[in-house]
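Here is the structure we will look at, set down as structure tokens.
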Amino acid sequence: MAIPRQLPNAITIVRILMAPVFLWMLLADAGSDGALRWWAAVIFIVAIATDGIDGYLARKYEIVTDLGKLLDPIADKVLTGFAFIGLSILGELPWWITIVVLIREVGITIYRFIVVSDHVLAAAWMGKLKTVAQAVALSLALLPLWNLVGEWIFWVNGVAMTIAVILTIASGIDYVVTEVRAARARRGEVARSAES
């Protein structure tokens, strides 16, 4: 069965559009753990889950596009970035964590736009692992599960967030190292072509 070629990209764009709705609900709840908090968490979880859906459809039906490669990681960064910022505004997550994450995410995104005319910087395996870790950690932090299971869940949240932050930093370093090596390889190829 054929699907519209732009469907994966449309799903990605919807994920971007869901981000401000999620953030508004989170902040409107103002830390009271009411219905808006639950809905904000559900919207975040559904939105971040579409990351796997659009990627699966693009690969399965061989409709991977450069636009998709560019938009997909940006959509993830917008959604998770809003979540980090929202949790810090509510005082539930230290600002230094949010700042470290945003520096990495914004830096990689800006670099993507800088090199887009030369090549598309697609998400690497460590970057994808980082996104999964962030999704799990943020979902645990957003869901007010402590009201249901007790405060021990805060320890689980802490461990999950620590793993997410470590992977965020490590994947950022991995991107930089990979791009530096690729740039050196391209310069070497140009030099060899010039010599021949």
Side-chain angles (χ1 to χ4, degrees), residues 12 15-27 29-31 33 37 40-41 43-52 55 69-116 120-146 151-183:
T12 302
R15 186 158 72 252
I16 295 172
L17 295 176
M18 290 173 78
V21 177
F22 145 73
L23 182 61
W24 176 83
M25 285 186 171
L26 179 65
L27 296 180
D29 179 74
D33 299 340
R37 175 66 176 246
I43 287 175
F44 175 84
I45 292 168
V46 170
I48 202 71
T50 64
D51 178 38
K69 290 179 184 176
L70 185 67
L71 280 182
D72 187 63
I74 290 174
D76 296 336
K77 288 171 175 50
V78 170
L79 186 60
T80 56
F82 277 18
F84 279 109
I85 290 170
L87 289 169
S88 290
I89 289 174
L90 294 175
E92 298 177 20
L93 188 68
W95 272 106
W96 72 264
I97 290 178
T98 297
I99 290 168
V100 166
V101 170
L102 291 181
I103 287 173
R104 184 272 188 207
E105 304 293 28
V106 171
I108 295 297
T109 301
I110 290 173
Y111 182 74
R112 272 195 169 91
F113 282 112
I114 290 172
V115 302
V116 70
V120 174
L121 181 61
W125 71 269
M126 192 180 289
K128 292 177 181 177
L129 185 61
K130 174 269 303 180
T131 300
V132 171
Q134 286 185 356
V136 171
L138 289 169
S139 297
L140 287 171
L142 289 166
L143 289 165
L145 296 174
W146 47 89
E151 294 191 358
W152 64 268
I153 197 69
F154 288 125
W155 289 97
V156 177
N157 293 0
V159 170
M161 191 62 70
T162 300
I163 292 170
V165 172
I166 290 171
L167 284 172
T168 298
I169 296 169
S171 63
I173 293 170
D174 180 62
Y175 272 119
V176 171
V177 171
T178 300
E179 282 297 295
V180 168
R181 287 176 179 166

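As the structure is a prediction and not an experimental result, all values here were calculated from the model.
Taking OG1 of Thr168 as the reference point, atom CD1 of Ile103 lies at 12.5 Å (rounded to 0.5 Å). The distance from the OG1 atom of Thr109 to the NZ atom of Lys77 is 5.0 Å, given to the nearest 0.5 Å. To the nearest 0.5 Å, atom CD1 of residue Ile48 and atom OG1 of residue Thr131 are 7.0 Å apart. Rounded to the nearest 0.5 Å, atoms CH2 (Trp95) and CG (Leu102) are 8.0 Å apart. Annotation: the span from Asp174 atom CG to Met126 atom CE amounts to 4.5 Å, rounded to 0.5 Å. Note: Ser171 OG to Arg104 CZ = 3.5 Å, rounded to the nearest 0.5 Å.
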Run Thr80 and Val101 through side chain to side chain contact (heavy atoms under 4.5 Å, CB included) and show every step you take. CA-CA 9 Å; Thr80 56; Val101 170; 5.9 Å; no
Side chain to side chain contact (heavy atoms under 4.5 Å, CB included) between Leu142 and Phe22, intermediate numbers included: CA-CA 11 Å; Leu142 289 166; Phe22 145 73; 3.7 Å; yes
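Residues Ile97 and Met161 share a closest heavy-atom pair of CD1-CG, 4.5 Å. The minimum heavy-atom distance between Ala141 and Asn157, with the atom names listed, is CA-ND2, 4.1 Å. The heavy-atom pair separating Leu17 from Val21 by the smallest distance is O-CG2, 3.9 Å. Smallest separation of non-hydrogen atoms from Pro20 and Ile16: CD-O, 3.3 Å. Of all the heavy atoms in Met25 and Ala40, the pair that sits closest is CB-CB, 3.8 Å. Contact between Gly172 and Ile108 at its shortest, heavy atoms only, is O-CD1, 4.4 Å.
In this structure, Phe154 and Trp146 have parallel ring planes: the angle between them is below the 30° cut-off, well short of the 60° mark.
Counting only distance, with no hydrogens or angles, the side chain of Thr178 and the backbone of Tyr175 share no donor-acceptor pair below 3.5 Å.
Every residue two or more places apart in sequence or in another chain that forms a salt bridge (charged side-chain N to carboxylate O under 4.0 Å, His left out) with Asp51 is listed here: Arg15.
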Between side-chain atoms of residues 86-94 and protein atoms elsewhere (two or more places apart, or another chain), which donor-acceptor pairs fall under 3.5 Å?
| residue | atom | partner | partner atom | Å |
| --- | --- | --- | --- | --- |
| Ser88 | OG | Phe84 | O | 3.2 |
| Ser88 | OG | Leu93 | O | 3.1 |
| Ser88 | OG | Thr98 | OG1 | 2.5 |
| Glu92 | OE1 | Arg37 | NH1 | 3.4 |
| Glu92 | OE1 | Arg37 | NH2 | 2.8 |
| Glu92 | OE2 | Arg37 | NH1 | 3.0 |

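Under the 4.5 Å side-chain criterion, counting only non-hydrogen atoms from C-beta, Gln134 is in contact with Glu105.
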